[in-house]
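Owing to the predicted nature of the structure, the values given are computational and were not obtained by experimental measurement.
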Amino acid sequence: MISQYFQSITSLLAVCEHDEKDNLSKAAEKIAESIQQHGIIHLFGCGHSHMFGEELFYRAGGLAPISPILEEDFMLHKGAVRSSELERTHGIAEQFMETHTILPEDVMIVVSTSGRNPVPIEVAQMAKKKGAYVIVITSPSYAKTQSSRHPSGLFLYQTADLSIDNHIETGDALMKIEALNIQFGSGSTIIGMALLNGIMVKAIEIMVNNHFTPPIFKSGNVDGAEEHNRKLIDQYKDRIPMLEA
């Protein structure tokens, strides 16, 4: 079963690499362009998808201008059932999005595999209204098997400037056993993290090719990193208060 799961993940990664190659490159171009214009890359997701912001934020070998929108009410530790109920609540995104500065030179990345719930949809809509370029990671094929929970009937992939398909099937469970009447073994986090990190390494390559020095954090566990990282923190802390909060 371990081997089957690994094979399923490997197959999905290969599909994403082939089918989403152009979209991944376009996302990288937009992120490189944003950073070169002193923009910030914002990330948002509910439930397990909040981890995508944490994955890229203040990361060794990662870009410095990353600002995750980590609203605790949508995270599982504040109550898993409650967080799911809130994600389905129309109009609630406006309450916290107004506290975040989103500028036209910024990029907003929103992650939701089903893409059917109001909060991720409205975060994408509000960021777009503020002029930011909106990228989503979602599964249109998943969405098309469900009804939208947003009053407009829209799904997340329909709200974006650029939609990247994670090719996750309905239910986000890759494995099955004949004797068990339920599928298991999620894949969306692993696939999504690979997509995101792939975009970022391509963005770094683009910046280098543009003769622009990418603002990359060094590991704090490497001698000499503190001074390097301090300069980046000072450069971005006004727009990303979480760096020193």
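- Across M242 and P68, no two heavy atoms sit closer than the pair CE-O, 3.4 Å.
- Residues Q36 and M207 are in side-chain contact: their nearest non-hydrogen atoms beyond the backbone lie under 4.5 Å apart.
- Contact of the P118 side chain with the T89 side chain is not registered, since no non-hydrogen atoms from C-beta on lie closer than 4.5 Å.
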Next on the checklist: Let's go through I164 and I199 carefully: what are the C-alpha distance in whole Å and the side-chain angles of both, what is the deciding distance for side chain to side chain contact (heavy atoms under 4.5 Å, CB included) to 0.1 Å, and is it a yes or a no?
Outcome noted: CA-CA 11 Å; I164 296 172; I199 290 167; 3.6 Å; yes
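- Scanning both residues, L162 and A27, for their nearest heavy atoms gives CD2-N, 3.5 Å.
- Remark: S188 OG to I137 CD1 distance equals 10.5 Å, nearest 0.5 Å.
- Sparse packing is recorded around CD1 of I182, with 12 or fewer heavy atoms of other residues, nucleotides or ligands lying under 6.0 Å away.
- At least one donor-acceptor pair under 3.5 Å links the side chain of R239 to the backbone N or O of T101.
- A search for side-chain hydrogen bond (donor to acceptor under 3.5 Å, both in side chains) contacts involving D19 returns nothing, not counting sequence neighbours.
- A salt bridge links E205 to K202: one of the charged nitrogens lies within less than 4.0 Å of a carboxylate oxygen.
- Electrostatic pairing of K21 and E17 does not count as a salt bridge here, judged by no charged N lying under 4.0 Å from a carboxylate O.
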Next on the checklist: Could you go through F74 and L70, starting from their C-alpha distance and side-chain angles, then the distance that decides it, and tell me whether this counts as side chain to side chain contact (heavy atoms under 4.5 Å, CB included)?
Outcome noted: CA-CA 8 Å; F74 301 103; L70 301 176; over 6 Å; no
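- The same ILVMFWY cluster, assembled from side-chain heavy atoms under 4.5 Å apart, contains both L232 and F212.
- Taking both residues in full, the closest heavy atoms of L24 and C16 are given as CD1-O, 4.3 Å, listed atom of the first, atom of the second, then distance.
- When side chains are defined from C-beta on, K144 counts as touching Y157, because their heavy atoms get closer than 4.5 Å.
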Next on the checklist: Walk me through whether L13 and I9 qualify under side chain to side chain contact (heavy atoms under 4.5 Å, CB included).
Outcome noted: CA-CA 6 Å; L13 286 171; I9 291 294; 4.0 Å; yes
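- With N197 contributing its side chain and M193 its backbone, the two residues share a donor-acceptor pair below 3.5 Å.
- By the criterion of side-chain heavy atoms lying less than 4.5 angstrom apart, applied directly or through intervening Ile, Leu, Val, Met, Phe, Trp or Tyr residues, V123 is not grouped with I66; the two fall into different hydrophobic clusters.
- Every side chain to side chain contact (heavy atoms under 4.5 Å, CB included) that S141 has, sequence neighbours left out, goes to S139.
- Residues F184 and I177 have side chains in contact (heavy-atom distance under 4.5 Å, counting atoms from C-beta outward).
- Between the R116 side chain and the S147 main chain, a donor and an acceptor come within less than 3.5 Å of each other.
- Counted within 6.0 Å of CD on Q158, heavy atoms from surrounding residues, nucleotides or ligands total more than 12; the atom is thus considered enclosed.
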Next on the checklist: Could you walk me through whether Q7 and S3 satisfy the side-chain hydrogen bond (donor to acceptor under 3.5 Å, both in side chains) test, starting with their C-alpha distance in whole Å, then the side-chain angles of each, then the deciding distance to 0.1 Å, before giving a yes or no?
Outcome noted: CA-CA 6 Å; Q7 288 173 15; S3 178; 3.1 Å; yes
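- Proximity of F52 to L56: side-chain heavy atoms (C-beta onward) are nowhere separated by under 4.5 Å.
- For R230 and E244, the salt-bridge test passes: some basic side-chain N is under 4.0 Å from an acidic carboxylate O.
- Of the N and O atoms on the side chains of E105 and H38, not one donor lies less than 3.5 Å from an acceptor on the other residue.
- Within a 6.0 Å radius of NE2 in H18, other residues, nucleotides and ligands contribute 12 heavy atoms or fewer.
- At distances below 3.5 Å, at least one donor-acceptor pair connects side-chain atoms of T138 with backbone N or O atoms of S112.
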Item to check | H90 and H150: CA distance, side-chain angles, deciding distance, ring-ring contact (aromatic ring centres under 6.0 Å, His included) verdict | outcome: CA-CA 7 Å; H90 168 57; H150 194 269; 5.5 Å; yes
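- Panel note: side chain T99, backbone Q95; no donor-acceptor pair is recorded below 3.5 Å.
- The two atoms that bring G220 and N229 nearest to each other are N-ND2, 4.4 Å, heavy atoms only.
- Looking at heavy atoms from C-beta onward, H42 lies out of side-chain contact with I109 at the 4.5 angstrom threshold.
- Across T189, N166, T170, D172, a single residue satisfies side-chain hydrogen bond (donor to acceptor under 3.5 Å, both in side chains) together with T113, and that is N166.
- Side-chain atoms of V111 and V136, non-hydrogen and from C-beta on, never get closer than 4.5 Å to each other.
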Item to check | From CA spacing to verdict: side chain to side chain contact (heavy atoms under 4.5 Å, CB included), I69, M108 | outcome: CA-CA 10 Å; I69 298 176; M108 169 66 78; 3.5 Å; yes
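- In this model, no donor atom of one side chain and acceptor atom of the other lie less than 3.5 Å apart for S83 and E87.
- Across all non-hydrogen atoms, the minimal contact from A143 to S114 is CB-O, 3.4 Å.
- In this structure, D165 contributes its side chain and H167 its backbone to a donor-acceptor pair below 3.5 Å.
- Applying the 6.0 Å contact sphere to CD of Q37 captures more than 12 heavy atoms from other residues, nucleotides or ligands.
- Within the 3.5 Å criterion, the main-chain N or O of L154 finds a donor-acceptor partner in the side chain of S148.
- Salt bridge annotation for D22-K26: absent, with no cationic side-chain nitrogen under 4.0 angstrom from a carboxylate oxygen.
- In summary, K130 and D106 do not engage in a salt bridge, as defined by a charged side-chain N under 4.0 Å from a carboxylate O.
- For K129, the NZ atom is loosely surrounded, since the number of other residues' heavy atoms within 6.0 Å does not exceed 12.
- Remark: the backbone N or O of S186 is paired with a side-chain donor or acceptor of Y5 at under 3.5 angstrom.
- Counting only distance, with no hydrogens or angles, the side chain of S34 and the backbone of K30 share no donor-acceptor pair below 3.5 Å.
- In summary, the side chains of H50 and E72 do not present any donor paired with an acceptor at a separation below 3.5 Å, with no hydrogens or angles considered.
- Checked by atom type and distance alone, the side chain of E122 pairs as donor or acceptor with a backbone atom of G91 at under 3.5 Å.
- The aromatic rings of F44 and F96 sit parallel, their planes meeting at an angle under 30°, below the 60° perpendicular limit.
- Contact between P65 and G39 at its shortest, heavy atoms only, is CB-O, 3.9 Å.
- Contact of the F217 side chain with the L63 side chain is not registered, since no non-hydrogen atoms from C-beta on lie closer than 4.5 Å.
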